[in-house]
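Just below is one structure, and these are the notes that go with it.
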Amino acid sequence: MKKYQEFKQVDYPGIGESVLSYWQENKIFEKSVENREGAETFTFFEGPPSANGTPGIHHVMARTLKDIFCRYKTLKGFQVKRKGGWDTHGLPVELQVEKELGITKEDIGKKITVEEYNKKCRETVMRFKNEWDDLTEKIGYWVDLDDPYITFDPKYIESLWSLLKRLFEKDLLYKGYTIQPFSPAAGTGLSSHELNQPGCYRDVKDTSITAQFKVKGRENEYIIAWTTTPWTLPSNSALAIGEKLDYVKVKTFNPYTYQEQTVILAKARMGALFNKKAEGLKIEDYKPGDKLIPFEIVEEFKGKDMLGMEYEPLFPIEGIALPSPAFTVISADYVTTEDGTGIVHLAKAFGADDFRALVQAGVPGVFVKDEQGNEIPVVDKRGRFLPVIGEYLQAKMKEHEITAHKEYGVDDFYVKNYLKEDENAADYKNTDVIISIILKNENKAFKVEKYEHSYPHCWRTDMPVLYYPLESWFIKTTACKDRLVELNKTINWKPEATGTGRFGNWLENLVDWNLSRSRFWGTPLPVWRNEDATETKCIGSIAELNEEIGKSIEKGFMTESPFKGEEVDLHRPYVDDVILVDSKGQKMFREPDLIDVWFDSGAMPYAQWHYPFENEEIFKANYPADYIAEGVDQTRGWFFTLHAIAVMLFDSVAFKNVIANGLVLDKNGNKMSKRLGNAVDPFKTLKEYGPDALRWYMLSNANPWDNLKFNLEGVAEVQRRFFGTLQNTYNFFALYANLDHFTYDASKMVSVSERPELDRWIISKLQSLIGEVENSMDSYDATRATRAIMNFTVDQLSNWYVRLARKRFWRGDMNEDKQAAYETLYECLTTICQLMSSFAPFYADWMYKNLTDGAKEAGQEIAESVHLTDWNAADETLINKDLETSMQLAQDISSLVHSLRKKDKLKVRQPLQKILIPILSEKTREQIQHVEELIKSEVNIKGVEYIDDASGILVKSAKPNFPLLGKRFGPKMKLVAAAINQWGQEEIANIERNGSVEIDLDGEKAALSLEEVLITSQDIPGWSVASDNGITVALDVTLTNELKQEGIARDLVNRIQNLRKDMGLEVQDKITIKVAKLNEQVDQALVNFSEYIQSETQALSLSVNGDVAEGTVLDMDDFELKVKVEKV
RNA sequence: GGGCCUGUAGCUCAGGUGGUUAGAGCGCUACACUGAUAAUGUAGAGGUCCGUGGUUCGAGUCCACGCAGGCCCA
């Protein structure tokens, strides 16, 4: 029986399948974890995917990336537990359910109960779990699928509640408001998802105003600011400028009142706000009513000079007067000079940017107090001004004698046309128009015009959306900002820029985490409040909830707890039915919000173990994570929520190393989408190429954090080039190892120091490779690791070692040299198996088994799988850099000789006398001499001659060593370079002899040392040379008769080998050769090299004057030869 | 609109701290090898380093402003 299986063709997908079932049958994954019991842990956190859609090719990328470091660390001796997980809550699930049921959110509670709805969500969310599990297994992602954490699990939710309670107790959970899209017509907030529906943004024509804000304490001086929502002007409480922008003060006239005035605006906006034709007109010449209004810059300054400037409100309304620092100029980074005036009007209640800028500047917004004393905006939820504004507008209409299509009452000032009035009606005037007229009359408007812009609309009502303050529960992340930033700096981000840039900037500009979601399927906020909101309870466990319910039952608010027994469901609607009791015996109701699903996943380090209720030991041993990986789109998602919860509650990072991987695009760089049909089906790809080439391609083609342009041809190339070459190398080994009955036995091997140079070289390279893979993987750089393995396998092992060592495998019987060759190749192959096992787990294990089965049968102890082995660290003592350099020289020199041969059309089969190599140092000579034999046989030459100074024919040239000299001479570098370039042989000899030389730089003397110039050999007079990498080679192309004859002999051998092959002879079959006489040179060649020809072709005899009737005519390029070959 | 990433040969990608002939693989062309053979090797052609300015003796590399593509957030 053969010890090493030989393969004609390799079925890569088949390897994937058979190895997978081997792993399953023998529980290899489980063993790889159990084996390391008691060892140091390496902790990995799984970012939970959602199983409500089928997995795509990008999931192969993400999951491979997660897998490889866990496998690597396992080999290195760590115990790596990997708990799988599922993300189950959230809007996409709800939308899918609604789509399938043909309902909308409004139907929930009407056509369908919340109970039924959530039941449907629960069913839907795990719909594709089987596909996911299938893919996970097929790509070899080792993760515990049998006991995953699931975010809808009551235990999971209970952990979340306990975390929320801890936040609450630290006073980090509060109710506030945030500016969100809101549809007054539908009476509901809109998610960004809803706002991104096609058709939501529509071009509409609105009245826009450039308003004039009078500068306090100055006569006729105004700051002007533009808005497309005039109805927000009564809520103005500050103006924003860009600190670095240029502003001007311009003397001009108001176009509506003709008053002389100065206005302040960004210099860059002058062209848009003043008529060019008025340029040069004199202020004095202006007469009221003139179409062209003169203007004149009277002052220029930077935005930051305006900071703190105060102005008078446009709408001096009692009851909304504000304390300072309202009505001042502040700065905001988003101010530009692309439109408007370069000065932005801010209304805290109606713009998210406005809100943020004002909060940062500590400026209050315009609000009024309701009956409870709460601050409310001046526009109500139906989209109309409160009476306090209505009265003012009504009075102003009377004052300015403004008529409209109807009589306006104090409650009639809707900010948009929510009453669906006919806008074409006679004298139709909406609130914006009325405001414009008032401002025009009061010298508060610089420009009023219709402006067409894109504005969001509610997808249900088709009416315009308002940005409006809505109540929400927040986590006060801003309170911990400094610590969040500080601890982030300890995290190793791949790529670094995502940590410092994208994530770091995000932390720097942190706002409080809005936790609320007004939805149905998700983790309920465990907060109960009494009706006047004077008492708040945050529940931290089921037990606590039951205890509180007990009090409620006592009080008679409830009859029994819905959370008894085994089957507990903490979702809506059950929690909504819970009424608790406050300290005064009043009812408390749950705040109806659900929490952000990102809190679900960010809490997984704790909730996956049901901490703090269970598993404290496991939790502590596995926290924080050593490594996590997800897409870069998770930066503000999972990466943030993990970090935030960890820092705020545990004063720790949640993860130490993180890879944020990029997107998988199609081969043209477009986003993949099922709709466009350019999405790649992972299952189909696996079936065609198998998992290993797919994984390898994804890792080696580009850094994972760059986007990957996924191209199946690339997978095929990896398969052909890397796996194919490796497989060929294995096949070569197996073929001869079987013939020679070779079995690797560590106890009986030839020690490395006894092995030939070539073996010691590849072993040195192998050790270097191990070190490189180790370094790369320790710094989470898989691309570098895979490329290093590929380079070694293809370029070093296959294309150099095997090619040069080939003869050792087929010559003669087993001897020490042969054994060394087998052992060396075997060691290389098994080591590659281990090195590649993290990336190509199936193939590596398959080949490992093919290689080791023989030894196992022979009774040696061999691991069941390469994944259960211990890492073979690099043996530094086997690394011989000198030897590696020597071999590099051999490769370079051979390449140069090939190049020369080609130039002179001399095929390699034609032996040549010698090459000449100029030698600049003894060291180089020694290094080349080491590999001289190898070069000679590789390029078929008889000898190598070295030319040194003594030869007298070596021509050298000198070049400046720029990095060294540049630092020293700087601007004079050009002179120095010119001086050195002029040097002849004498100067070079001079500096070589003395170690330094003095040069003249425009009269200044300067001494150059030897290492500051680079000396190379230029050429050899009269010879055809080639050079590269500082090595020059000359080839002696003289063909002596002797060489010609040998060439003929070699040609004949070649032709006879072909004949043998055509005749179907086996390697060991013997033949006789008869050749017809041709001419003296050829005949002589055959006679002289008869022995050589016979031994090469396994011929028992060679007669030059034989009977060649029925012989074959051989084409010998330059002549023809008739021969007859017969099997003995 | 803001933050971040990417842009180098037909394609996919390398090119520490700036240093003078910008590299590799694939593809292409030619040749060689024929005892790894449905393999393999060698050589050759192929470049506006996205653009424009700047810093510097010297820029693919540093700076500024753009352009194109992408991600996230508004």
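Just so we're on the same page: letters track the sequence lines, and every chain starts at 1. Hydrogens, waters and symmetry mates play no part in the numbers below; they use all other heavy atoms, side chains included.
Across all strands shown, G18(B) forms no Watson-Crick or G-U wobble pair with both key distances under 3.5 Å. In this structure G60(B) sits in no base pair that meets the Watson-Crick or G-U test at under 3.5 Å. With a 3.5 Å ceiling on both atom-pair distances, the Watson-Crick or G-U wobble partner of C65(B) is G51(B). A 3.5 Å limit on both hydrogen-bonding distances identifies no Watson-Crick or G-U partner for A45(B). Across all strands shown, G27(B) has no partner, as no Watson-Crick or G-U wobble contact with both distances under 3.5 Å is found. The partner of U40(B) is A32(B), judged by Watson-Crick or G-U wobble contacts that both fall below 3.5 Å. Of the nucleotides present, G3(B) is the one that pairs with C71(B) by Watson-Crick or G-U wobble criteria, both distances under 3.5 Å.
For the pair Glu1012(A) CD and G19(B) C1', the computed distance is 14 Å after rounding to whole Å. The CZ-C1' distance, from Phe723(A) to A38(B), rounds to 20 Å in whole Å. For the pair Gln360(A) CD and G2(B) C1', the interatomic distance rounds to 13 Å; values are reported in whole Å. Atom CZ of Arg803(A) and atom P of U34(B) are 13 Å apart (whole Å). Trp598(A) has its CH2 atom 11 Å from the P atom of C72(B), to the nearest Å. A straight line from CG of Leu797(A) to P of U40(B) spans 14 Å, rounded to a whole angstrom. In this structure, CG of Asn731(A) is placed 11 Å from P of A38(B), rounded to the nearest angstrom. Atoms CD1 (Ile1056(A)) and P (G35(B)) sit 13 Å apart, rounded to a whole Å.
Aromatic ring centroids of Phe182(A) and Tyr467(A) lie 6.0 Å or more apart.
Comparing Asn799(A) and Arg356(A) by the nucleotide of RNA chain B that holds the closest heavy atom to each, the one mapping nearer the 5' end is Asn799(A). Both Leu735(A) and Ala352(A) lie near RNA chain B, and the one whose nearest nucleotide falls closer to the 5' end is Leu735(A).
The ring-ring contact (aromatic ring centres under 6.0 Å, His included) check on Phe710(A) picks up Tyr697(A), with sequence neighbours excluded. Listed by chain and number, the residues in a side chain to side chain contact (heavy atoms under 4.5 Å, CB included) with Lys489(A) are Val485(A) (sequence neighbours excluded). When the side chain to side chain contact (heavy atoms under 4.5 Å, CB included) test is applied to Leu975(A), the partners found at least two apart in sequence or on another chain are Leu1001(A), Asp1002(A). In terms of the salt bridge (charged side-chain N to carboxylate O under 4.0 Å, His left out) criterion, residue partners of Glu1012(A) (sequence neighbours excluded) are, by chain and number, Arg968(A). In this view, Phe640(A) and Trp506(A), Trp513(A) satisfy the ring-ring contact (aromatic ring centres under 6.0 Å, His included) rule, not counting sequence neighbours. Residues meeting the side chain to side chain contact (heavy atoms under 4.5 Å, CB included) test with Asn488(A), sequence neighbours left out: Ile491(A), Trp493(A), Phe503(A), Leu507(A), His643(A).
Remark: the separation of the P atoms in A30(B) and C72(B) is 47 Å, to the nearest Å. A43(B) sits 12 Å from C26(B) when the P atoms are compared, rounded to a whole Å. Comparing the C1' positions of U55(B) and C62(B) gives an interatomic distance of 8 Å, to the nearest angstrom. Of the C1' atoms belonging to C65(B) and A74(B), the separation is 24 Å, rounded to the nearest Å. To the nearest whole angstrom, the two C1' atoms, one in U29(B) and one in U48(B), are 25 Å apart. Between A22(B) and C13(B), the distance separating the two C1' atoms is 14 Å to the nearest Å. Of the C1' atoms belonging to G27(B) and G46(B), the separation is 11 Å, rounded to the nearest Å. Rounded to whole Å, the separation between the C1' atoms of G47(B) and G60(B) comes to 11 Å.
Using a cut-off of 4.0 Å between Lys/Arg side-chain N and Asp/Glu carboxylate O, Asp1051(A) and Arg909(A) are scored as salt-bridged.
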Is there any protein nitrogen or oxygen under 3.5 Å from a nitrogen or oxygen in nucleotides 57-63 of chain B, and what are the pairs?
unit_1	atom_1	unit_2	atom_2	d
C57(B)	O4'	Pro971(A)	O	3.2
C57(B)	O2'	Lys974(A)	NZ	3.1
C57(B)	N1	Gly970(A)	O	3.1

Collect all protein-nucleotide pairs involving nucleotides 22-26 of chain B in which both atoms are nitrogen or oxygen and the distance is under 3.5 Å.
unit_1	atom_1	unit_2	atom_2	d
G25(B)	O3'	Arg721(A)	NH1	3.3
G25(B)	O2'	Glu717(A)	OE2	3.2
G25(B)	O2'	Arg721(A)	NE	3.3
C26(B)	O4'	Glu717(A)	OE2	3.2
C26(B)	O2'	Glu717(A)	OE1	3.4

Review item, nucleotides 28-33 of chain B N/O atoms under 3.5 Å of protein N/O:
unit_1	atom_1	unit_2	atom_2	d
C33(B)	OP1	Arg909(A)	NE	2.7
C33(B)	OP1	Arg909(A)	NH1	3.2
C33(B)	OP1	Arg909(A)	NH2	2.2
C33(B)	OP2	Arg909(A)	NH2	2.6
C33(B)	O5'	Arg909(A)	NH2	3.3

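Looking only at distances, no side-chain donor or acceptor of Asn703(A) sits under 3.5 Å from a matching main-chain atom of Thr783(A). Side chain of Arg1060(A) to main chain of Lys1070(A): no donor-acceptor pair is present (N/O by atom type, distance under 3.5 Å, no hydrogens or angles). At distances below 3.5 Å, not a single donor-acceptor pair connects side-chain atoms of Asn707(A) with backbone N or O atoms of Gly662(A). With Asp596(A) contributing its side chain and Trp598(A) its backbone, the two residues share a donor-acceptor pair below 3.5 Å.
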Donor-acceptor contacts, no H, no angles, side chain residues 348-360 of chain A, under 3.5 Å, sequence neighbours left out:
unit_1	atom_1	unit_2	atom_2	d
Asp353(A)	OD1	Arg356(A)	NH2	2.7
Asp354(A)	OD2	Ala347(A)	N	3.0

Output side-chain donor-acceptor pairs under 3.5 Å for residues 714-726 of chain A, partner residues at least two apart or in another chain, one line each.
unit_1	atom_1	unit_2	atom_2	d
Gln719(A)	NE2	Tyr689(A)	O	3.0
Thr725(A)	OG1	Arg721(A)	O	2.4

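Residue Ser798(A) is in base contact, counting any heavy-atom pair closer than 4.0 Å across all strands shown. Among the heavy atoms of the strands lying under 4.0 Å from Val802(A) is at least one base atom, whether or not backbone atoms are also near.
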- Item | Under 4.0 Å protein heavy-atom contact, by nucleotide of nucleotides 3-14 of chain B - B base, S sugar-phosphate only | BBSS-----SSS
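With hydrogens and angles ignored, no donor-acceptor pair under 3.5 angstrom links the side chain of Ser895(A) to the base of A43(B).
In this structure, Leu510(A) and Thr478(A) approach most closely via the heavy-atom pair O-CG2, 3.5 Å.
Closest approach to the Gln9(A) side chain among G35(B), G70(B), A38(B) is made by A38(B) (side chain taken as heavy atoms from C-beta onward).
Within 6.0 Å of NZ on Lys936(A) lie more than 12 heavy atoms contributed by other residues, nucleotides or ligands.
Judged purely by distance below 3.5 Å, without hydrogens or angles, the side chains of Asp740(A) and Tyr822(A) pair a donor atom with an acceptor atom.
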